[in-house]
2 protein chains.
Amino acid sequence: MAGMNTDLLIRLRQALLFERLHTIPELSRTLSTSFPTIKKHLDLLIEHGEVDEEDSDVSSGGRPAKRYRSRADHTHGLALYLELDAIGYRIFDAVGTLLTNGTESVPRKHPHVPALVRLIHRLLAQDPRITFLSVGVAASVEDGKVFFAPDYPSLQQVDLKQTLESEFHLPVVVENDMNAAVVGFHEADQNRQQSLIYLYLGKNGPGSGILINGQLVRGSSHFAGEISVVPQYDKMTFGQAIANRQTTLDVRTIDAISRLTATFAATLNPHLLIFNSAEVTASDLEQIRTTTARYIPETHIPRLVRSNWETDYLNGLTRLGLQLQTEQPIKGTST
Amino acid sequence: MAGMNTDLLIRLRQALLFERLHTIPELSRTLSTSFPTIKKHLDLLIEHGEVDEEDSDVSSGGRPAKRYRSRADHTHGLALYLELDAIGYRIFDAVGTLLTNGTESVPRKHPHVPALVRLIHRLLAQDPRITFLSVGVAASVEDGKVFFAPDYPSLQQVDLKQTLESEFHLPVVVENDMNAAVVGFHEADQNRQQSLIYLYLGKNGPGSGILINGQLVRGSSHFAGEISVVPQYDKMTFGQAIANRQTTLDVRTIDAISRLTATFAATLNPHLLIFNSAEVTASDLEQIRTTTARYIPETHIPRLVRSNWETDYLNGLTRLGLQLQTEQPIKGTST
DNA sequence: AGTACTTATTAAAATATTTTAAAAAGTAGA
DNA sequence: TCTACTTTTTAAAATATTTTAATAAGTACT
């Protein structure tokens, strides 16, 4: 353990896991640290069972570099997401691969926290290798504390992170659902565009997750992304304009979404606007694009894409959990 | 020069100049570097004439720390801002204090670049201590290159940074006017709120500068902040809604601004919204606040403030110039 | 004024990191 | 298959940073 830079260990884990960097030269360049130092820290991670030395890379003209990879079986994580009458969960390995998932119903009007705690106890007993928790909820969250949860009165003002950490003695991350979704999409996106907005129309009103310059936008009073109240027409907000839509989107709804798209383009000008593929069809997207072009020049319209919201949400929770895991101090080795 | 970490030197300069940190313990904590290392690097800056050792601080219970300060007379900077028929300038010292300012008229329809180059030549001859340039322009700029400049056709697609750097062999920073203004306000703001938006109504259409999580938002196609085209009414954008306003703002204009305020609150939820005090009175602000409250809950309305746009703009250019200056490599000492 | 207590600074030793150079491991072409 | 070349890895020396402990410089109270 002597001579180890904790911060470098963390950045090393994150580079291996999230930035798809797997050779010492790559890591050395990106982390601007010399290869002897990288190698020394990598050796500790190997000794600790977190990283595996793989076969050599294909040569780029000279001696091929060895590849180092996070070991999938090093640890397990548990992601949970609260719904109105259920709690969904997913157990995954150290590289984020799904192992088990399921749902536990929660009777209507019953408080979520006790049900959550019971479920986690059961899952931990079932899989004792779980070492961190990630929780998603449709509420505004700051530092693991639930602030505003209109749909979950029993969660209001609950410090969920604190509660779960002292109950289970495991690191916990709690995040808003839209924020998790945008993180999840960003993670899976090959290009890793640095500014994207996830748009969710919703049954009980729309929401959005905003990622700018690679950072989540939370807002000064946890109100960022509450697009429902954006004024759009003489007498209607965005939320009102899309409230009466059917499954197939009508012209009025398309116009409202297009106005919102134009608004985002004229303020944040993001690379990407992501829609829930369950809510918006490919042809809707075409229409949104042409309608938006009535408001702003085509060049400035973000790329409009569809994605599976549930998948992105869960991937986001997984990603946030793994991120938390990389930040944990290394446990002392036998030496 | 042996044993000097260039990156640390830069961060040291920036902490002294911008973060109001002046003692070794403060610097050591903030830069998470040990005091011997801080002291060693500080000594180099002192030897180099960039920093002055001051009298001791007042005691906080024990031995008072010495205060270290950037020397105002170490170097001079020149900020220039392009207007339609003139170029304004300001010469300032190494801590940003104004030394000289003035304006040079440019005949209408004449290209700005040659006039700018001539003016800089004259000012450099007049004050040979100037070591860096900062240029502001009402156009979209990326990496010093002017992209879209409807008001300055002669600047379109000009790499102004490159042009000036090769002409004068001095470091140059070029920035959009609204971005400079929001940076300037942020710099002067005691609280240094991390998310703010500067709103400019303008004669030829409005604009805005957006700073989120401490970073400028530029957008994927340099279109961020182009609020003129935000759809707000059945048949009007923000730009159209405020186009016919008089000096005293009417109810319709107030409503349009309030809708924009609500839009920002419901998307970015910034701490602060800054208005040009030449365009908006204190009582206008009151009205905007109450009107905005018709659209969103009062708690989520950003703090609305008035500020002098010109001052903020120039302070922003000054700040960007000084920042550039801190990033310059140290010139070899006599040893 | 003197003493106990805080806090900053300095100096020396311990530790960590980088640089440099040599060795190892591959490819490609003669 | 040998040679020249490229790139990675290892090892040793040089350099940089941090830790530790001692010293200096103040305050507050008796």
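Letters A, B, ... mirror the listed sequences (proteins, then strands); counts begin at 1.
A distance of 13.0 Å separates OG1 in B:Thr318 from CD in B:Gln325, rounded to the nearest 0.5 Å. Atom CZ of residue A:Phe92 and atom NE2 of residue A:His76 lie 10.0 Å apart, to the nearest 0.5 angstrom.
Distance, B:Tyr68 OH to C:dA8 P: 12 Å, rounded to whole Å. Note: NZ (B:Lys39) to C1' (C:dA8) measures 11 Å, nearest angstrom. One can place CD1 of B:Ile24 at 14 Å from P of D:dT18, the figure rounded to the nearest angstrom. To the nearest angstrom, P of C:dT7 lies 18 Å from CG of B:Leu27. Across the protein-nucleic acid pair, A:Leu42 atom CG and D:dT9 atom P stand 10 Å apart, rounded to whole Å. Rounded to a whole Å, the CG atom of B:Asp7 is 11 Å from the P atom of D:dT17. Nucleotide D:dT17 holds its P atom 16 Å from the CG atom of A:Leu8, rounded to whole Å. Residue B:Ile38 contributes atom CD1, which lies 14 Å from atom P of C:dA8 at whole-angstrom precision.
When the nucleotides C:dT10, D:dT17, C:dT17 are ranked by their closest atom to the side chain of A:Thr37, C:dT17 comes out on top. With C:dA11, D:dA11, C:dT9 as the choices, the nucleotide that has an atom nearest any side-chain atom of B:Pro36 turns out to be C:dA11. Distance from the side chain of A:Thr33 is smallest to C:dT18 among D:dT9, C:dT18, D:dG26.
With hydrogens and angles ignored, the 3.5 Å screen pairs no side-chain donor or acceptor of A:Arg90 with any backbone N or O of A:Thr100.
A close approach under 4.0 Å does not occur between any side-chain nitrogen or oxygen of B:Asn5 and OP1 or OP2 of D:dA16. At least one side-chain nitrogen or oxygen of A:Lys40 sits closer than 4.0 Å to the OP1 or OP2 atom of C:dT17. For B:Ser34 and D:dT18, the shortest distance from a side-chain N or O to OP1 or OP2 is below 4.0 Å.
Note: A:His222 and A:Phe147 have tilted aromatic rings, judged against thresholds of 30 and 60 degrees for the angle between ring planes.
The pair A:Arg71-A:Asp73 counts as a salt bridge, with a side-chain nitrogen and a carboxylate oxygen less than 4.0 angstrom apart.
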